[in-house]
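So the structure is just underneath, and the comments pick up after that.
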Amino acid sequence: MATKIFKHLQTSVVPLPIENIDTDQIIPARFLKATTREGFGNNLFRDWRFDENDNPKEDFVLNHPTYSGKILVAGKNFGCGSSREHAAWAISDYGFDVVVSSFFADIFKGNALNNGLLPIQVSDEFLKNLFEAVFSDAHAEVEVDLENQFIKIVSTGEQESFEINPYKKACLINGYDDIDYILSNKGLVEEFEQK
Amino acid sequence: MGQTLFDKIWDAHVVSNNEGFPDILYIDTHFIHEVTSPQAFDGLRQRGLPVFRPKQTVATADHNVPTWDQHLPIKEELSRYQVDMLTKNCAEFGVELYGLGHPYQGIVHVIGPELGITRPGCTYVCGDSHTSTHGAFGAIAFGIGTSQVEQVLATQCLLQQRPKRMKIEVNGQLQKGVGAKDIILYIISKISAAGGTGYFVEYAGDTIRSLSMEGRMTICNMSIEMGARGGLIAPDQTTIDYVKGREFAPKGEEWDKAVAYWQTLYSDADAQFDSELYFDAADIEPMITYGTNPGMGIGITQHVPETASFEAKEQGSYAKALNYMGLHDDESLIGKPIDYVFIGSCTNSRIEDLREVAAFVKGKHKADNVTVWVVPGSKQVQIQAIEEGLDKIFEAAGFPLREPGCSACLGMNEDKIPAGKYCVSTSNRNFEGRQGPNSRTLLASPLTAAAAAITGKVTDIRAFLSESEFAEF
Ligand code: SF4
């Protein structure tokens, strides 16, 4: 099953300057009962976004009409906690294509890449400047170029290159996935089992 | 140059390592459960693929299941649907299921070891981050996402980059009242909830060696809470004695061959790690967490750190965590009234944990302000506890023994801690809302949790040590 294709993006961003955002915040466990991949976006950051009576909390950024865009920018150690891929699905289903942070938890990073959601790890300095740019102008745009591996704050021109595993990069750009790759090596797997 | 234990096992499972690609790693056993598998089975259907090696796949229902009246149909509709879906998928794809009512049912990381499925030198994955538990046997075990569950179902392999290796050594004598859970909470508090990211950890040192298999599982279980992919401990006689004779353990000649191989599984003396850390067991107090990630832990006699002691950019997140917990700078937790005690989860719900708690609470009774839930990790643990009469001790103490499942560890069933309430929990995560919306979790060892249940407040278990009744065991 091909994943989403991703190459290039320029958009405004949604800032969430909190550190250690864990997967229970991204999608609380009680919403993991679905058996399909769709619809998790409604419950993204559920308990920060809605009160006990399901009314939107005004102070939360996703409920803030000022901020929108396809890039989520978050504090360090984003996605720590459980292996639930639902976290990546929720972010993607909500409409984000990229998450930027100065540090990602391993499993989250892998899950995101397997779902066409690009996690971009930037320096603390760049992250700080990015937050500053958004807080001084909510419409500040950011450009992401996967082929050339850079992220740029359009208004200031500041840019930074980011790392991505070359294989994963090829998967995202071409829309193929790990199962396609392993199945093309099925002979080797069977040989291994005979050993 | 010598090899680390991790590399020995990894190398023995590499199917192919093409330049520029991650390794194709062969997976010996794939555990699945109801929450992270339905979309993976759907993916197989869409691709028109079977499960490649159904006999190397083991399923159980644990996350959603009620812990009371398990013989009745699950009341909550979505939970029931998810569990039914697992049953249906397992039947369709030929996978063995230890579902509700099966004598082997239980939390996936409890049943693997107790059935002898988990063994040294093997590779295990599961769509669950605490798969790291199985590393206690000297195995490579780690959590994966649902796309990877689909990958392993389809190919029995996983595309993986080799992680870096870290060694954590703990040496010396533990204080009385301090156990495996305190050791791991202590390590995480020292290196932070992200300190192990990118690494696979080998735990070593004489303190680790002296632990039972249950204690080792508690340690490896929480590796993920420092961000590590997994943790492992070299197998030794303790490991071999534990595995011997279990349902799916090798028998006869096969057993002898297996043991001979297991004895080669250790890090060579000159093996290189990417990072090494050393801790002294004598420094470790009974631990408790005060914040909203497992790295926010302190020795029980210490005070909550001051916001000002953190770097400026971290202060906002820190203040937010304290506010959520209803705690303040420099507060001492000892004596703080609590509302719930949860003894369970894949960290601390094995028979040894229940025995330890029972020995302590025997002849005592819980405080009136506290609700206590004891949730065994598996049907086998539950039955053994009953056979040993632990259920009677618990009942007399006001600790009803429930039926097996994940329960209040993540509150996907009806076992939720109400908003604003404090729960001293033997589980592994204190994230906001983890045990129920706006619940407040204090992570601790089974003994510290039991002491809190008896006194109704956060208590230093060592205060009981001088009492003769406790000194007996
Ligand atoms: S007991 Fe908790 S941590 Fe363990 S598998 Fe269940 S939900 Fe996950």
Side-chain angles (χ1 to χ4, degrees), chain A residues 1 3 17-25 28-30 32-37 46-48 52 75-77 80-89 103-108 110-115 124 128 165-168 170 177-183 185-186 188-189 191-193, chain B residues 15-16 20-22 24 26 35-36 38-39 42-43 46-47 49 52 63-64 78-79 81-82 85 127-129 131 143-148 150-151 154-159 161 163 193-194 197-198 224 227 229 292-293 313-314 316-317 320 410-412 416 419 429 431-434 437-438:
Chain A
M1 220 166 33
T3 51
I18 301 172
E19 301 191 339
N20 298 311
I21 295 178
D22 59 72
T23 49
D24 279 80
Q25 306 322 312
R30 59 187 191 284
L32 306 188
K33 293 181 183 175
T35 49
T36 65
R37 281 180 154 95
R46 182 75 199 191
D47 294 338
W48 287 348
E52 304 82 69
K76 158 176 109 187
N77 200 23
C80 56
S82 90
S83 60
R84 62 185 70 154
E85 195 158 314
H86 313 66
W89 298 336
F103 196 86
F104 286 96
D106 274 346
I107 302 185
F108 175 81
N111 286 340
L113 286 166
N114 282 337
N115 286 279
D124 286 331
K128 190 171 136 262
N165 174 286
Y167 164 75
K168 277 292 163 197
D177 73 6
D178 293 356
I179 297 185
D180 302 330
Y181 174 70
I182 303 179
L183 285 179
N185 285 284
K186 199 167 160 191
L188 290 177
V189 178
E191 223 170 85
F192 177 89
E193 287 180 321
Chain B
V15 171
S16 117
F21 289 86
I24 298 182
Y26 193 79
V35 178
T36 53
Q39 293 88 350
D42 256 359
Q46 282 168 27
R47 292 175 199 258
L49 291 172
F52 184 62
H63 280 63
N64 264 322
L78 289 173
S79 297
Y81 184 69
Q82 216 171 38
M85 195 69 146
D128 193 287
S129 53
T131 309
I144 55 178
T146 297
S147 297
Q148 294 171 309
E150 184 181 336
Q151 198 180 124
T155 67
Q156 203 57 37
C157 290
L158 196 66
L159 215 50
Q161 208 83 330
T197 305
I224 183 75
R229 283 314 302 276
T292 55
N293 74 56
K313 66 179 169 76
E314 290 172 359
S317 301
K320 181 174 178 291
L410 88 169
M412 272 192 85
K416 293 183 178 61
R429 284 188 176 142
F431 298 151
E432 286 185 28
R434 170 82 178 179
N438 288 307

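Chain letters run A, B, ... following the sequence lines, proteins first, then strands; residues in each count from 1.
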Open item on the list: Heavy-atom pairs under 4.5 Å with chain B: which of A:W48, A:Y167, A:F104 has the most?
Closed with: A:Y167
Open item on the list: Quick one, B:K313 with A:D124, criterion side chain to side chain contact (heavy atoms under 4.5 Å, CB included). Give me CA distance, side-chain angles, the key distance, then yes/no.
Closed with: CA-CA 10 Å; B:K313 66 179 169 76; A:D124 286 331; 4.3 Å; yes
TODO: Name the member of B:P163, B:G316, B:C157, B:G411 that forms the most heavy-atom pairs with chain A at distances under 4.5 Å.
DONE: B:C157
Open item on the list: Please identify, among B:Q156, B:E314, B:Q161, the residue contributing the most non-hydrogen atom pairs under 4.5 Å to chain A.
Closed with: B:E314
Open item on the list: I need the A:C80 SG to B:I224 CD1 distance, nearest 0.5 Å.
Closed with: 9.5 Å
Task: Pair A:I107-B:R229, side chain to side chain contact (heavy atoms under 4.5 Å, CB included): steps then yes or no - done: CA-CA 8 Å; A:I107 302 185; B:R229 283 314 302 276; 3.7 Å; yes
Task: Residue part contacting chain A, namely of B:M85, when any heavy atom lies under 4.5 Å - done: side chain
- [ ] Among the options A:A34, A:P166, A:G81, pick out the one with the most heavy-atom pairs lying under 4.5 Å from chain B.
- [x] A:G81
Open item on the list: If we define contacts as heavy-atom pairs under 4.5 Å, which of B:N438, B:T292, B:I144 has the most with chain A?
Closed with: B:I144
Task: Shortest non-hydrogen contact from B:L159 toward A:I182 - done: N-CD1, 4.0 Å
- [ ] Would you check, one step at a time, whether the test side chain to side chain contact (heavy atoms under 4.5 Å, CB included) holds for B:Q148 with A:N111?
- [x] CA-CA 8 Å; B:Q148 294 171 309; A:N111 286 340; 4.1 Å; yes
Open item on the list: I'd like to know which of A:V189, A:T35, A:I18, A:D24 tops the heavy-atom pair count under 4.5 Å against chain B.
Closed with: A:T35
Task: Exercise: identify the closest heavy-atom pair between A:R37 and B:E150 - done: NH2-OE1, 3.8 Å
Open item on the list: Over 60° means perpendicular and under 30° means parallel, so tell me whether A:Y181 and B:F21 are parallel, tilted or perpendicular.
Closed with: parallel
Task: Nearest-0.5 Å distance that lies between atom NE2 in B:H63 and atom CG in A:L32 - done: 8.5 Å
Open item on the list: Looking only at heavy atoms and a cut-off of under 4.5 Å, which of B:T146, B:N293, B:T36, B:L78 has the most pairs with chain A?
Closed with: B:T146
TODO: Considering only heavy atoms and a distance below 4.5 Å, find which of B:P437, B:G433, B:S16 pairs most often with chain A.
DONE: B:P437
Task: Contacting moiety of B:S129, where chain A heavy atoms sit under 4.5 Å - done: both
Task: chain B contacts, top residue of A:N20, A:T36, A:L188, A:D47 (heavy-atom pairs, under 4.5 Å) - done: A:T36
Task: Over all atoms of both residues, closest heavy-atom pair of B:G127 and A:S83 - done: C-OG, 3.5 Å
Task: For A:E85 against B:G145, the heavy-atom pair lying closest together - done: OE1-C, 3.0 Å
TODO: Using only heavy-atom distances, determine whether the side chains of B:T155 and A:K186 contain a donor-acceptor pair under 3.5 Å.
DONE: no
Task: When A:T23, A:D178, A:N77 are compared by non-hydrogen pairs under 4.5 Å with chain B, the top option - done: A:D178
Task: Interchain contact, B:R434 with chain A, by part (heavy-atom threshold 4.5 Å) - done: both
Task: B:E432 side chain to A:Q25 backbone, donor-acceptor under 3.5 Å - done: no
TODO: Look at the side chain of B:Q39 and the backbone N and O of A:H86, then say whether any donor-acceptor pair between them is shorter than 3.5 Å.
DONE: no
- [ ] Select, from A:E193, A:K76, A:E191, the one with the greatest count of heavy-atom pairs under 4.5 Å involving chain B.
- [x] A:E193
- [ ] Apply side chain to side chain contact (heavy atoms under 4.5 Å, CB included) to B:L49 and A:L183, showing your working.
- [x] CA-CA 11 Å; B:L49 291 172; A:L183 285 179; 3.8 Å; yes
